[in-house]
Amino acid sequence: MVIYMSNRKSLKSWIIIVIIVNALLISLTVISIENLLLNLILIIWANMMIYCLANISERGQIMVFLIAFFMFLIGRQFLEAYGLHTIESEFSDEIIFFAEKLILISLASFSFFTVIFNKLKLKLTAGTSSRKYRKENLDYNCHYYQTIRKYSKIGFYLTYAFGLYTIFQVVLFVIKNGYLMFYSSYVNHTPYVIEKLGELSVLFFWIYLATLPEKKKIIFPLFLFLLRSILTLGTGQRFEFVSTILTLVVYIAMRNKTNRGKEPWISRKTIIVAVIVAPILMFAMSYYNYIRLGKDFNFEHILDVFTDLFYRQGVTINVIKRYKLYESSFPTNKIYMLSKTNNIIRNGPIGFLLGLETFSGNTAEYATKGSSLAHTLSYIVLKARYINGEGLGSSYIAETFHDLSYPGLVFINGLYAFLLCKIIKIDGKSLWGCMFALSMLNPILFAIRGETDGFISIYLNLSTWVIIIMLHMFGKGRGLSNRV
């Protein structure tokens with residue numbers, strides 16, 4: 001356990017916290033030795049959370065990954081193991097041991113590489129004092145930043161309505177036909193140009209944030225973007241909203257860091273309000289989960305609402321369990337780790353020119369011929385229910401283990417740690433580095449319950465590069481000679 005703090009008093013405080021937390025968790029292990037693997041997972045996770053909290057401005061992106069990891073892969077298993085929630089899907093001890101083993105290897109690998117890459121970053125940073133380029137000398141109001149800030153904001157406003165149109169098409173279908181019918185019967189009638197313009201609104205927003213605008217100038221664009229994220233809940237999908245909130249948490253931590261020595265970008269009062277609102281939001285999400293599936297919302301105690309929320313969100317661990325249970329039923333010679341990339345190529349210009357077969361929706365063809373573990377597993381387990389719109393989801397852990405076994409798990413978790421610690425350096429040093437950081441954080445978080453290669457997809461979109469090159473040329477055209 002390594003903690004970097006700026007003064008000895010703070011270091012002592014964090015050491016005391018580490019000792020108390022580890023003593024409690026080790027005591028839990030002694031009392032419940034049959035849950036040894038799960039307790040080891042909790043120990044590693046708790047220590048990494050303390051590691052992030054000790055320097056949240058530098059490790060905010062690591063912290064949100066750990067929060068998502070707990071919600072989707074640990075929370076449900078903890079509630080079941082300690083009798084805090086009724087077990088809905090029974091699995092054998094062998095299957096449970098397998099799932100916990102893969103989660104332990106993944107979390108331990110991610111944690112190990114995170115600490116290593118952070119230490120390397122500190123050493124490299126210590127040796128850069130003689131470089132001509134320094135972060136503190138950057139002028140965030142230079143012509144380059146001002147120009148890109150202006151046009152990215154205009155671009156966001158101009159494309160915003162197209163994004164809403166696309167979302168409303170899905171919302172109206174779900175309201176009329178139900179959440180499950182979206183996966184089996186929905187046909188996208190949105191014109192291609194409108195759909196692409198709607199996607200660009202998100203890109204423009206991240207670019208605008210990357211220019212580090214003043215807080216008062218960011219309020220209205222942020223309000224519109226949050227409104228868009230809230231509306232996505234109407235499609236029956238919650239992760240985009242959750243990941244948006246987590247990404248903005250990282251952005252706030254970065255802005256507080258770039259404002260070091262000045263007034264905090266986000267005040268303590270705002271943080272307190274956010275802490276108060278968080279339980280209300282969790283309650284609303286739990287309620288919404290029942291509404292979208294047409295179930296009764298009936299709890300005896302308020303605590304049951306929160307335990308049920310974690311239990312429902314943590315269903316991803318069952319993907320790993322069911323993968324092991326039905327491993328022999330999977331088609332041979334399939335690579336699932338590149339499913340997102342495969343779909344983008346098949347559905348894009350390259351696929352059209354080569355005449356590649358495309359897949360969409362919950363169909364037997366997609367499940368048997370495609371390269372999506374989510375669709376294949378759902379078809380194997382659910383059969384007709386899959387065709388009717390139900391699904392089980394996926395996880396980078398199951399996909400990676402299928403393709404590359406245990407060495408692959410270590411490698412992929414090391415890659416995610418590298419991306420979050422090195423490539424995703426949200427520290428204001430580079431406008432475009434910050435933009436890619438904000439854009440990539442969402443798919444990396446989603447990989448916990450989705451495709452392994454989601455973070456690659458932003459590089460495969462031609463329109464992304466067109467917008468970036470155009471904005472860069474606009475900025476250079478305004479006469480900037482500063483290095484960004």
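When reading the values below, keep in mind they use all heavy atoms of this one structure, side chains included, and skip hydrogens, waters and symmetry mates.
Under the 3.5 Å distance criterion, the side-chain polar atoms of Y251 are matched with a main-chain donor or acceptor of L209. Remark: side-chain polar atoms of Q61 are paired, donor with acceptor, to backbone N or O of L420 under 3.5 angstrom. Side-chain atoms of N362 come within 3.5 Å of backbone atoms of E390 as a donor-acceptor pair (strictly under, hydrogens ignored). Panel note: side chain S405, backbone F401; no donor-acceptor pair is recorded below 3.5 Å. In this structure, the side chain of T400 does not engage the main chain of G408 through any donor-acceptor pair within 3.5 Å. At least one donor-acceptor pair closer than 3.5 Å links the side chain of D403 to the backbone N or O of Y336. Side-chain N or O atoms of R59 include one that pairs as donor or acceptor with a backbone N or O of Y51 at under 3.5 Å. Under the 3.5 Å distance criterion, the side-chain polar atoms of S378 are left unmatched by any main-chain donor or acceptor of H375. In terms of modelled atom types and a separation under 3.5 Å, the side chain of S395 and the main chain of I448 share a donor-acceptor contact. Not one N or O on the side chain of K340 forms a donor-acceptor pair closer than 3.5 Å with the backbone of G450.
Residues V171 and L231 form no side-chain contact, since every pair of their non-hydrogen atoms from C-beta on lies 4.5 Å or further apart. When side chains are defined from C-beta on, L73 counts as touching I397, because their heavy atoms get closer than 4.5 Å. The shortest distance between side-chain heavy atoms of L409 and S109 does not fall below 4.5 Å. Between I444 and L419 the shortest side-chain heavy-atom distance falls below 4.5 Å. Side-chain contact check for Q77 versus E100: some heavy-atom pair is nearer than 4.5 Å. The side-chain heavy atoms of I207 and W432, taken from C-beta on, include a pair separated by under 4.5 Å. Residues V315 and F72 have side chains not in contact (no heavy-atom distance under 4.5 Å, counting atoms from C-beta outward).
Between the OG1 atom in T376 and the NE2 atom in H402 there is a gap of 8.5 Å [rounded to 0.5 Å]. Residue L445 holds its CG atom at 12.5 Å from CZ of F69, rounded to the nearest 0.5 Å. Taking CZ from R449 and CD from Q313, the interatomic distance works out to 6.0 Å, rounded to the nearest 0.5 Å. In this structure, CG in N39 is found 7.5 Å from CG in L25, a value given to the nearest 0.5 Å. The structure places OG of S89 at 8.5 Å from NZ of K321, a figure rounded to the nearest 0.5 Å. Here the CG-CG distance, from L392 to L373, works out to 10.0 Å after rounding to the nearest 0.5 Å.
At least one cation-pi condition fails for R346 and F359: the charged atom is not both under 6.0 angstrom from the six-membered ring centre and inside a 45 degree cone around its axis. Under a cutoff of 6.0 Å and an axis angle of 45°, K324 and Y326 do not form a cation-pi pair.
Applying ring-ring contact (aromatic ring centres under 6.0 Å, His included) to F65 and the options F455, F70, F110 leaves one that passes, F110.
Side-chain N/O atoms of E399 and S394 include a donor and acceptor closer than 3.5 Å. Side-chain contact annotation: N318 with Y323, donor-acceptor N/O pair under 3.5 Å absent. Residues Y311 and E80 have side chains that bring a donor and an acceptor to within less than 3.5 angstrom of each other. Using modelled atom types and a 3.5 Å distance limit, the side chains of T341 and D453 yield a donor-acceptor pair.
When every heavy atom of I62 is checked against every heavy atom of C421, the shortest pair comes out as CD1-SG, 3.8 Å.
Within 6.0 Å of CD on E34 lie more than 12 heavy atoms contributed by other residues, nucleotides or ligands. Atom CZ of F330 is surrounded by more than 12 heavy atoms from other residues, nucleotides or ligands within 6.0 Å.
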Check the pair N342 / S371 against side chain to side chain donor-acceptor pair (under 3.5 Å), numbers first and verdict last.
CA-CA 8 Å; N342 190 1; S371 58; 2.7 Å; yes
Run the numbers on T452 and L338 for side-chain contact (heavy atoms from CB on, under 4.5 Å), then give the verdict.
CA-CA 7 Å; T452 307; L338 298 176; over 6 Å; no
Evaluation steps, ring pair (Phe, Tyr, Trp, His ring centres under 6.0 Å), between Y416 and F113:
CA-CA 9 Å; Y416 286 165; F113 284 111; over 10 Å; no
Residue pair F418, T114: steps toward the side-chain contact (heavy atoms from CB on, under 4.5 Å) verdict
CA-CA 7 Å; F418 175 81; T114 293; over 6 Å; no
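Not less than 6.0 angstrom separates the ring centroid of F112 from the ring centroid of F117. Between F225 and W206, the distance separating the two ring centers is shorter than 6.0 angstrom.
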